[in-house]
Amino acid sequence: MQRLSGVPRDYAWGSHDAIPALMGAAPSQQPLAELWFGAHPGGAARFVPSFNAREGADHASDGDLRALIEREPVGVLGEDVVNRFGAQLPYLLKLIAPARPLSLQVHPHLERARERFRAEEAAGIPVDAPERNYRDENHKPELVFAVTTFEAMCGFRAPRRAAELLSGLGVDVTDRLHAVLRADPSAAGMRTAFRGLLEPSTRPERAEVDAVMAACAARLRSGSPSPRADRTVVMLGREHPGDPGVVASLLLNPVTLHPGEALFVPAGGVHAYLSGLGVEIMASSDNVLRAGLTAKHIDVAEMLKCVDYVAAPPIRLAPEVFHGATRVFYAPVDDFELSVTELEDAGRASQHPLPGRGPRVILCLAGEVEVATATDTATLTRGEAIFVRADEGGVSVRGSGTLVQADVP
């Protein structure tokens with residue numbers, strides 16, 4: 001086992017205090033939006049010194065997780081993982097803390113990611129260039145587990161419900177969208193409506209977007225059919241004046257995750273996270289296609305090619321219980337699974353086995369927990385993480401606290 005130091009990301013939408021508070025630190029001067037615990041080339045977690053209580057020796061702390069995998073792929077990942085995914089950790093675990101809305105975005109399917117990554121490489125676009133869409137060849141399905149109340153928008157509403165919300169606002173753009181969805185309450189109709197909002201030739205002017213915000217604010221005062229939807233429009237309009245994504249929020253499902261709940265976002269699913277603190281796990285990728293609600297690079301045409309327009313409720317994953325103390329969230333992908341273990345044994349009298357197998361990243365969210373393999377132990381406190389190699393075998397834990405584990409199904 002080796003301790004990990006997460007890689008911080010200071011995106012403008014991040015909170016100054018949510019992640020530092022979990023880590024037991026003071027608020028950061030810059031927004032701390034994400035903390036990465038993985039081996040992605042854009043930010044591989046580094047090893048930090050740890051003390052082996054059994055052997056009385058410090059573990060080596062040189063290098064990062066990506067370099068270790070390159071040196072010993074089979075031992076670190078396991079033969080099965082190498083055969084399926086190559087010499088790379090197939091998932092990326094993060095803490096994510098939006099204090100302001102993220103962009104209106106979608107992540108690509110695997111085939112599209114491979115095709116477009118190679119095209120951008122052939123075009124000579126530097127992988128870290130702001131205008132680059134594809135920073136790797138991977139898809140990016142993801143799961144977010146709520147540590148605090150977590151607000152988001154995810155996937156399309158039923159077209160008829162979206163038409164109801166658009167009705168009566170009295171703005172040209174909402175009247176047009178309402179007419180489209182009433183005439184064709186299907187995925188094709190939603191596609192026409194969404195594309196009409198975002199494509200350069202048909203997107204509304206700033207004055208129209210601002211008028212929709214004003215109409216939703218007025219409807220809130222007079223009795224709204226959906227106060228939550230109208231509040232979201234007003235909030236987004238204040239954050240991103242004139243952005244068509246403000247109006248697009250009326251087409252999307254609202255999501256509130258309470259602590260302990262999880263949401264799965266498949267490749268192709270339009271979404272935007274709004275606020276809260278969560279643990280996020282995804283296929284190891286940094287491919288994000290944006291169409292609005294951001295100052296970052298936007299590529300509407302490419303984003304629209306990746307969108308799934310079928311209306312569906314958000315995918316809330318129900319966990320399965322393992323040995324009483326652990327809940328396992330099985331996502332419908334091969335790249336990752338997430339388990340959450342809650343222990344209440346301050347005396348550390350009993351050990352609880354963890355599900356899954358290596359390679360594992362284990363992150364402590366609260367309390368103090370001892371993690372053990374057949375040959376090693378490590379004590380984790382709030383905000384600390386370790387990596388467990390595949391060749392270290394099974395893992396058990398004891399203590400009093402909460403930890404999350406990322407592993408490969």
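Computed from a prediction, not measured in an experiment: that's the story for all the values here.
- There is no side-chain donor-acceptor pair under 3.5 Å between E199 and S201.
- A 4.5 Å side-chain heavy-atom check between F47 and D64 finds every atom pair outside the cut-off.
- Taking the side chain as every heavy atom from C-beta outward, S400 and L343 never approach each other to under 4.5 Å.
- Under 3.5 Å, the side chains of Y134 and E121 contain no donor-acceptor pair of N or O atoms.
- Around atom CZ of R160, no more than 12 heavy atoms belonging to other residues, nucleotides or ligands sit under 6.0 Å away.
- Using a 30° and 60° split on the angle between ring planes, F194 and F156 fall in the perpendicular class, above 60°.
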Q: Take R132 and D128 through the salt bridge (charged side-chain N to carboxylate O under 4.0 Å, His left out) test and state the conclusion after the steps.
A: CA-CA 7 Å; R132 179 92 181 220; D128 58 351; over 6 Å; no

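- The shortest distance between side-chain heavy atoms of Y91 and V361 falls below 4.5 Å.
- Listed for the D243 side chain is a donor-acceptor partner under 3.5 Å among the backbone atoms of L293.
- In summary, of the residues considered (V404, D335, L338, V144), a side-chain contact (heavy atoms from CB on, under 4.5 Å) with I281 occurs for L338 alone.
- Between L263 and F145, the closest side-chain pair of non-hydrogen atoms is not below 4.5 Å.
- Annotation: the span from L365 atom CG to L403 atom CG amounts to 7.5 Å, rounded to 0.5 Å.
- D376 CG to E392 CD: the interatomic distance, rounded to the nearest 0.5 Å, is 6.0 Å.
- Considering only heavy atoms from C-beta on, V246 stays 4.5 Å or farther from T232 through its side chain.
- Once rounded to the nearest 0.5 Å, the distance linking SG of C216 with CZ of R221 reads 11.0 Å.
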Q.
Working note: E72 + R389, criterion salt bridge (charged side-chain N to carboxylate O under 4.0 Å, His left out); need CA distance, chi angles, decisive distance, verdict.
A. CA-CA 10 Å; E72 305 176 57; R389 299 164 54 114; 3.0 Å; yes

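- Q405 places a side-chain N or O within 3.5 Å of a backbone atom of P355 that can act as its donor or acceptor partner.
- Put simply, the side chain of E261 gets close to the backbone of H258: a donor and an acceptor are under 3.5 Å apart.
- Contact annotation: the side chain of V395 approaches that of R360 to within less than 4.5 Å [non-hydrogen atoms, C-beta and beyond].
- Checked against M153 for a side-chain contact (heavy atoms from CB on, under 4.5 Å), the options P101, S249, P254 give a single hit: S249.
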**Q.** Derivation of the side chain to side chain contact (heavy atoms under 4.5 Å, CB included) call for L95 and V279
**A.** CA-CA 5 Å; L95 288 171; V279 173; 3.9 Å; yes

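- Remark: side-chain polar atoms of T192 are paired, donor with acceptor, to backbone N or O of A188 under 3.5 angstrom.
- Using modelled atom types, one side-chain atom of N138 and one backbone atom of S284 make a donor-acceptor pair closer than 3.5 Å.
- Using a cutoff of 4.0 Å between basic side-chain nitrogens and carboxylate oxygens, R382 and E368 are not scored as salt-bridged.
- Between the side chains of D136 and H40, at least one donor N or O sits under 3.5 Å from an acceptor N or O.
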(Q) I'd like to know whether L68 forms a side chain to side chain contact (heavy atoms under 4.5 Å, CB included) with R71, so could you lay out the CA-CA distance, the side-chain angles of the two residues, the decisive distance to 0.1 Å, and finally the verdict. (A) CA-CA 5 Å; L68 176 64; R71 291 196 303 269; 3.5 Å; yes

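- A donor-acceptor pair under 3.5 Å is formed between the side chain of E208 and the backbone N or O of V173.
- Note that CZ of R195 is 11.0 Å distant from CE of M303, once rounded to the nearest 0.5 Å.
- Looking at V388 and P359, their side chains never come closer than 4.5 Å, going by heavy atoms from C-beta outward.
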**Q.** Worked check of side chain to side chain contact (heavy atoms under 4.5 Å, CB included) between L363 and F37
**A.** CA-CA 9 Å; L363 170 65; F37 298 94; 4.1 Å; yes

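- Using a 3.5 Å distance cut-off with no hydrogens or angles, the side chains of E164 and H178 do not pair a donor with an acceptor.
- No hydrogens or angles considered: nothing links the side chains of S103 and T294 as a donor-acceptor pair under 3.5 Å.
- With hydrogens and angles ignored, the 3.5 Å screen pairs no side-chain donor or acceptor of T402 with any backbone N or O of E342.
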Q: Before giving the answer on salt bridge (charged side-chain N to carboxylate O under 4.0 Å, His left out), spell out for R219 and D230 the whole-Å C-alpha distance, their side-chain angles and the decisive distance to 0.1 Å.
A: CA-CA 8 Å; R219 192 163 66 177; D230 287 342; 2.7 Å; yes

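- Judged by distance alone, the side chains of Q105 and R290 never bring a donor and an acceptor atom under 3.5 Å apart.
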Q: Determine, step by step, whether L89 and R66 satisfy the side chain to side chain contact (heavy atoms under 4.5 Å, CB included) criterion, reporting the C-alpha distance in whole Å, the side-chain angles of both residues, the deciding distance to 0.1 Å, and the verdict.
A: CA-CA 8 Å; L89 188 68; R66 184 173 179 81; over 6 Å; no

Q.
Could you walk me through whether N287 and H139 satisfy the side chain to side chain donor-acceptor pair (under 3.5 Å) test, starting with their C-alpha distance in whole Å, then the side-chain angles of each, then the deciding distance to 0.1 Å, before giving a yes or no?
A. CA-CA 7 Å; N287 289 329; H139 64 168; over 6 Å; no

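- Crowding of E205 atom CD: a count of heavy atoms from other residues, nucleotides or ligands under 6.0 Å not exceeding 12.
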Q: I would like to know whether E320 and R327 meet salt bridge (charged side-chain N to carboxylate O under 4.0 Å, His left out); could you show each step before the answer?
A: CA-CA 5 Å; E320 297 185 19; R327 291 171 295 147; over 6 Å; no

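- With no hydrogens or angles considered, a side-chain donor-acceptor pair links T256 and E151 at under 3.5 Å.
- Using the six-membered ring where Trp is involved, W13 and Y11 have ring planes that are tilted, between 30° and 60° apart.
- Here R114 does not pair with E137 in a salt bridge; the nearest charged N to carboxylate O distance is not below 4.0 Å.
- With contacts defined as side-chain heavy-atom distances shorter than 4.5 Å, the pair I362/L354 qualifies.
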Q.
Determine whether S28 and Q30 satisfy the following criterion, side chain to side chain donor-acceptor pair (under 3.5 Å), listing intermediate values before the conclusion.
A. CA-CA 5 Å; S28 56; Q30 298 296 320; over 6 Å; no

For residues 74-83, run the donor-acceptor check on the side chains, cut-off 3.5 Å, and write out each pair with its distance to 0.1 Å, sequence neighbours left out.
| from | atom 1 | to | atom 2 | distance (Å) |
| --- | --- | --- | --- | --- |
| D80 | OD2 | R84 | NE | 3.1 |
| D80 | OD2 | R84 | NH2 | 3.0 |
| D80 | OD2 | R357 | NH2 | 2.9 |
| N83 | ND2 | E79 | O | 3.3 |

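- Heavy atoms of other residues, nucleotides or ligands lying less than 6.0 angstrom from CD of Q29 number 12 at most.
- Counting heavy-atom neighbours within 6.0 Å of R176 CZ, excluding the residue itself, gives a total above 12.
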